[in-house]
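Here is the structure we will look at, set down as structure tokens.
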Amino acid sequence: MDAIALALIAIVFYCAAATYQLLALQRKAPNRPSMIRLLGAAAVLNHGLSVWLAIFQSDGVHLGLTEMSLLATFTISLMLLISSFKKPVLNLSIGIFPMSMLALIFAIWGPVSAPSNHLSPGLTLHILTSLVAYSLIVIAACQALLVSIQNYQLKHKQTRGIIQVLPPLQTMERLLFELIFSGVIILTIAIGSGFIFIENLFAQHLAHKTVLSLMAWLVFAVLLAGHRWLGWRGMTAVRWTLGGATLLVLGYFGTKVALEILLN
């Protein structure tokens, strides 16, 4: 089976899982986490196989915009499923699974990158830790959006809708900061490994990525400090989280888009 067929199968399962979770949030279907996990696992399995076939090809290792989008969304969806066994994060699938679907659709019709055959162990460590950090921050951003919705409904005394199936706001905020803290730890390792194993992180094609990643790290570090010593929470935490996540996304995928599509 080729990568396109696997991608199409993954899209079908992602669509089914996200749709059912949305219906459950709207109280139009019974809440069945095991079904969402089963559908999500089938999607992630096919997604992972399509990533493998897209990256490791006969002419070498491909790590362009298309392949890295596939790999990043696969990592995010996988981490969401794993985390859902211990944390109430499965509701985030209504945002994360469609994002994975878009990456798969882009991979089917998107550009094919040139092979890169010079992956040292240090560079591999940098890529993997960057992906894990990126995944945690994206999940945190989705969590921040739910916290924002929940906060708005509580302030306006709305007791129907999504708020009925979400955990208490305090639990949601605690989960948000746990995700951010874990993401910052891994992002620190990713940035550190980049400075160690990449010859010049401020070279022309890496400068924007490096600067924006450092700015994102600083935003999250300030947010964690503000939460610890100044009691920042609620919409303040939401705004800082979304701002830091935007910087991180622009740092990686914005640079990739500029180099591979706009500047060819």
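Small disclaimer: the values here were computed from a predicted structure and weren't measured.
Remark: side-chain polar atoms of His47 are not paired, donor with acceptor, to backbone N or O of Ala43 under 3.5 angstrom. Under a 3.5 Å cut-off, the side chain of Ser77 and the backbone N or O of Thr73 do form a donor-acceptor pair. In this structure a side-chain-to-backbone donor-acceptor pair under 3.5 Å is missing from Gln143 to Leu92.
Within the structure, ring-ring contact (aromatic ring centres under 6.0 Å, His included) pairs that include any residue of residues 230-250 comprise Trp232-Trp240 (at least two apart or interchain). Annotation: side-chain hydrogen bond (donor to acceptor under 3.5 Å, both in side chains) contacts involving residues 17-26, sequence neighbours excluded, comprise Gln21-Asn91.
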Working note: Thr241 + Leu179, criterion side chain to side chain contact (heavy atoms under 4.5 Å, CB included); need CA distance, chi angles, decisive distance, verdict. CA-CA 10 Å; Thr241 302; Leu179 289 167; over 6 Å; no
Is there a side chain to side chain contact (heavy atoms under 4.5 Å, CB included) between Asn151 and Val238? Walk through the geometry before answering. CA-CA 10 Å; Asn151 190 68; Val238 169; over 6 Å; no
Show the numbers, then the answer: is there a side chain to side chain contact (heavy atoms under 4.5 Å, CB included) between Leu136 and Val184? CA-CA 9 Å; Leu136 287 168; Val184 169; over 6 Å; no
Give the C-alpha distance, both sets of side-chain angles, the deciding distance and a yes or no for side chain to side chain contact (heavy atoms under 4.5 Å, CB included) between Met215 and Val219. CA-CA 6 Å; Met215 289 174 63; Val219 166; 5.6 Å; no
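The heavy-atom pair separating Ala7 from Leu104 by the smallest distance is CB-CD2, 3.8 Å. Among all heavy-atom pairs drawn from Pro30 and Ala24, the shortest one is O-CB, 4.1 Å. Taking all atoms of both residues into account, the shortest heavy-atom contact from Ser93 to Ile36 is OG-CG2, 4.2 Å. Nearest approach of Leu242 to Ala141, heavy atoms of both residues: CD2-O, 3.7 Å. Here the shortest heavy-atom pairing between Leu70 and Val51 reads O-CG2, 3.7 Å. Minimum interatomic distance between Ala3 and Ser50 (heavy atoms only, all atoms of both residues): O-CB, 3.7 Å.
Annotation: side chain to side chain donor-acceptor pair (under 3.5 Å) contacts of Thr75 (sequence neighbours excluded): none. The side chain to side chain donor-acceptor pair (under 3.5 Å) search around Thr236 returns none, not counting sequence neighbours. Residues passing the ring-ring contact (aromatic ring centres under 6.0 Å, His included) test with Phe220, sequence neighbours excluded: none. Partners of Ser182 by side chain to side chain donor-acceptor pair (under 3.5 Å), not counting sequence neighbours: none found.
At a threshold of 4.5 Å between side-chain heavy atoms, the hydrophobic network of Ile, Leu, Val, Met, Phe, Trp and Tyr places Leu38 and Phe13 in two separate groups. Taking hydrophobic clusters as Ile, Leu, Val, Met, Phe, Trp and Tyr residues chained together by side-chain heavy-atom distances below 4.5 Å, Leu128 does not share a cluster with Ile189. Met235 is connected to Leu166 through a chain of hydrophobic side-chain contacts under 4.5 Å among Ile, Leu, Val, Met, Phe, Trp and Tyr, so both are in one cluster. Hydrophobic clustering (ILVMFWY, side-chain heavy atoms < 4.5 Å, transitive): Leu22 and Leu145 are in one cluster. Under the 4.5 Å side-chain heavy-atom criterion for ILVMFWY residues, a single connected hydrophobic cluster contains both Val44 and Leu8.
More than 12 heavy atoms of other residues, nucleotides or ligands lie within 6.0 Å of CZ in Phe197, so this atom counts as buried by the packing criterion.
Taking the centre and axis of the six-membered ring of Phe85, the NZ or CZ atom of Arg37 falls inside the cone set by 45° and 6.0 Å.
Between Leu146 atom CG and Leu176 atom CG the span is 10.0 Å, to the nearest 0.5 Å. Residue Thr129 holds its OG1 atom at 15.0 Å from OH of Tyr134, rounded to the nearest 0.5 Å. Taken from CZ in Phe74 to CG in Leu131, the straight-line distance is 10.5 Å, to the nearest 0.5 Å. A distance of 12.0 Å separates CD1 in Ile137 from CH2 in Trp217, rounded to the nearest 0.5 Å. Once rounded to the nearest 0.5 Å, the distance linking CG of Leu223 with CG of Leu230 reads 11.0 Å. Here CD1 of Ile191 is found 4.0 Å from CG of Leu187. Values are rounded to the nearest 0.5 Å.
Residues Leu123 and Ile127 have side chains in contact (heavy-atom distance under 4.5 Å, counting atoms from C-beta outward). Two residues are said to be in side-chain contact when any heavy atoms from C-beta on lie closer than 4.5 Å; Val138 and Met99 meet this criterion. Taking the side chain as every heavy atom from C-beta outward, Ser100 and Ile76 never approach each other to under 4.5 Å.
The only option from Ile108, Leu6, Leu102, Asn46 that meets the side-chain contact (heavy atoms from CB on, under 4.5 Å) definition with Ile11 turns out to be Ile108.
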